Protein chains: 2
Amino acid sequence: MKNWDDLRIFRAMAKARSIRAAAADLKTTHATVSRRIRALEDDLGSALFERGKEGYVLTAFGQSMMDLTQSVTAGVEAIDRLAFGQDGNLAGPVRLSVLEDLYHKVLADPLDSFMRDHPMIELAIETTSNFRDVHRREADVIVRITSDPPEQAVGRKVADSPLAAYCGRDYFRNRPAVDRWIALDYPPAITPQLNARSAFVANSLTVVADALRRGQGIGLLPCFMAEGDPDLVRLPEVELISDKEIWTLTHVDILHNPRVRLLMDHLYRAFADQRGRIEGRAD
Amino acid sequence: MKNWDDLRIFRAMAKARSIRAAAADLKTTHATVSRRIRALEDDLGSALFERGKEGYVLTAFGQSMMDLTQSVTAGVEAIDRLAFGQDGNLAGPVRLSVLEDLYHKVLADPLDSFMRDHPMIELAIETTSNFRDVHRREADVIVRITSDPPEQAVGRKVADSPLAAYCGRDYFRNRPAVDRWIALDYPPAITPQLNARSAFVANSLTVVADALRRGQGIGLLPCFMAEGDPDLVRLPEVELISDKEIWTLTHVDILHNPRVRLLMDHLYRAFADQRGRIEGRAD
DNA sequence: TTAGAACTGTCCAAAAATGAAACGATGTGG
DNA sequence: CCACATCGTTTCATTTTTGGACAGTTCTAA
């Protein structure tokens, strides 16, 4: 193979299934991707993609190629982790992936102070609704809300994240005989035994919380979302519902990077400080 | 990692331990290698080599890197084999690796006719004294003289390669009471029971054969080297000595490439035709 | 049917990588 | 001690690659 770097382009292309999308992934232009793919096909002597009207689709050969690039990619990722873990510098980048809502409710202030304490660290916060994979080095540190214990990663469980039932303050004062139920479409969908009829469903914690604050009805939220919110009242007759756990994770290869270390420790403290509220125990 | 291709340069560099030697391997210039290595180190953030007076030596980090590049290299090699095996074209390249002496004595004529029969195949013959590894795709087809059965490769044993004792014609006519012994420094060093004293040692079959032809003494040679040579006489009192085997090998991934197929078949026929001579059985 | 969006391929100027040569440092043999 | 060879780095002109713009196509929705 003339140029190993073409495998990087090939993989992006096979995943994105379009030249433009792959180019965006690779932070380059579609012209370049088009040329590199063509060059790779010339080099290998066979077509990797079928140029149909459906866009680019892997040929059988391309599919086999894709399988074989797995070990290449795994190797490169291991190298990236090694290099990052080897980096003993305090100055430099570190990337954190965290759920948007958890960032706003729990981590915004601690991370603000983290950046003040360590101005030479370039913290990149990526808030997502999905979860990133620490193994692929898409992020260095991940705060994950999960029900499964983590597989490949290292780190700690920093809190439980139980659910409780909440409603707006005004709603609580004039509570109807039959409650309006704001359902959180959240796996697994949990419904406590209440005298209520469903009013609406949302898959976003923010949307549910907002509806509750507006007095739309009652609904479940993770405690970290609602505890301490002046506009929300917890229904005393509903017990805490055990749900997921919050883990702070990284990869063993980069655990000794001082920036990762510092960030992990800071996150541990931040969660320890707020654990009562997150777990719905203290006020 | 910004550019996966730098791993290719890194590996060549780590093996060659000198910028110029790596550049020769990579068929580029030392200036480029120097720059690419520096770029890779910048990208990874750590030094890969120690620039001592001894030349370039891997740092501990570089050593770890080298280990991790194994899976990358294995993947790329598998891809190369896949692409080559996939190639159904009759026109194109195929590379054969064969021991220099075996080429001259056994394969020169058959390969000449092979190229005449298939002018669209670009046959690259690489004669070496060492052995190439078919697994690494340094060659597509290998004719190997070995005592171990092959591990990863596929192919056939095409002949035994026993040793016999020879001398020059003139020497045979006026044979001294105590023979002069031309030793072949060939693992394992074999010495038959003869009334002889050692005259000289060479590690090259060609040199031993030449010495024998000049009447320097008697010595062992593989039959393929000596049988049919008008200037050499086989000593009738010395039995054939079983030694190594001759195998024609390729990799399973590229076995179905038509050029490989054709070449393999041609080699099988060539060895079948000359098997008697090679094994010292017929005249 | 047409307007518009999304896509790929191609052209050309700009940017980046490369090879050749010059340079300085180091080691070697006479 | 000097002449000479070897090696890695740097410089500069050249080649190659890239990014942006334009053109042509297909698909969708009005």
Side-chain angles (χ1 to χ4, degrees), chain A residues 1-63 65-66 69 72 76 79 83, chain B residues 1-63 65-66 69 72 76 79 83:
Chain A
M1 173 146 348
K2 284 205 192 91
N3 185 353
W4 291 12
D5 201 44
D6 285 342
L7 293 180
R8 196 166 52 87
I9 281 79
F10 166 69
R11 279 186 68 84
M13 185 68 202
K15 281 189 197 165
R17 288 199 303 280
S18 124
I19 294 213
R20 290 187 100 90
D25 255 22
L26 297 166
K27 300 194 201 315
T28 179
T29 58
H30 60 279
T32 299
V33 174
S34 173
R35 281 181 297 237
R36 302 282 296 268
I37 291 291
R38 194 177 305 264
L40 181 58
E41 288 180 330
D42 281 0
D43 182 26
L44 297 176
S46 303
L48 292 164
F49 295 94
E50 197 76 49
R51 278 93 169 154
K53 50 183 59 177
E54 313 285 296
Y56 274 55
V57 177
L58 281 175
T59 60
F61 174 60
Q63 186 58 57
M65 277 282 298
M66 196 60 188
T69 58
V72 177
V76 171
I79 287 168
Chain B
M1 172 146 350
K2 283 206 193 91
N3 185 354
W4 292 11
D5 201 44
D6 285 342
L7 293 180
R8 196 165 53 88
I9 281 78
F10 166 69
R11 279 186 67 83
M13 186 66 204
K15 281 190 196 163
R17 288 200 302 280
S18 123
I19 295 226
R20 292 184 109 94
D25 254 23
L26 295 166
K27 300 194 200 313
T28 179
T29 58
H30 54 280
T32 299
V33 174
S34 173
R35 281 181 297 237
R36 302 278 298 265
I37 291 290
R38 192 177 307 263
L40 180 58
E41 289 181 328
D42 281 0
D43 182 28
L44 297 176
S46 303
L48 292 164
F49 294 93
E50 197 77 49
R51 278 91 170 156
K53 50 181 61 175
E54 313 285 297
Y56 273 54
V57 176
L58 281 174
T59 60
F61 173 59
Q63 186 57 57
M65 276 282 299
M66 197 60 188
T69 58
V72 176
V76 171
I79 286 169

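What you see is a predicted model, and the numbers here were worked out from it, not measured in a lab. Naming convention: chains lettered A, B, ... in sequence-line order (proteins, then strands); numbering from 1 in each chain.
A:Ile37 and A:Phe10 make their closest contact through CD1-CA, 3.9 Å (heavy atoms, listed as atom of the first residue, atom of the second, distance). Of all the heavy atoms in A:Thr59 and A:Phe49, the pair that sits closest is CG2-C, 3.7 Å. B:Met65 approaches B:Leu7 most closely through the heavy-atom pair CE-CD2, 4.0 Å. Shown here for A:Leu48 and A:Glu41, the closest heavy-atom pair between the two residues is N-OE2, 2.7 Å.
Contact check, A:Thr28 against D:dG19: a side-chain N or O comes under 4.0 Å of OP1 or OP2. The side chain of A:Thr29 places no N or O atom within less than 4.0 Å of a non-bridging phosphate oxygen (OP1 or OP2) of D:dT18.
Here the P atom of nucleotide D:dT17 and the CG atom of A:Asp6 are 10 Å apart, to the nearest Å. One can place CG of B:Asp42 at 12 Å from P of C:dA17, the figure rounded to the nearest angstrom. As a whole-Å value, the separation of A:Asn3 CG from C:dA16 P is 18 Å. Atoms NZ (B:Lys2) and C1' (C:dA16) sit 13 Å apart, rounded to a whole Å. One can place CG of A:Asp5 at 11 Å from P of C:dA17, the figure rounded to the nearest angstrom.
Under the 4.5 Å side-chain criterion, counting only non-hydrogen atoms from C-beta, A:Met13 is not in contact with A:Leu26. In this structure the side chain of A:Val72 reaches within 4.5 angstrom of the side chain of B:Trp4, judged on heavy atoms.
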Where along nucleotides 7-14 of chain D does protein come under 4.0 Å, by heavy atom, of base (B) or sugar-phosphate alone (S), with - for untouched nucleotides?
-> BBBBB---

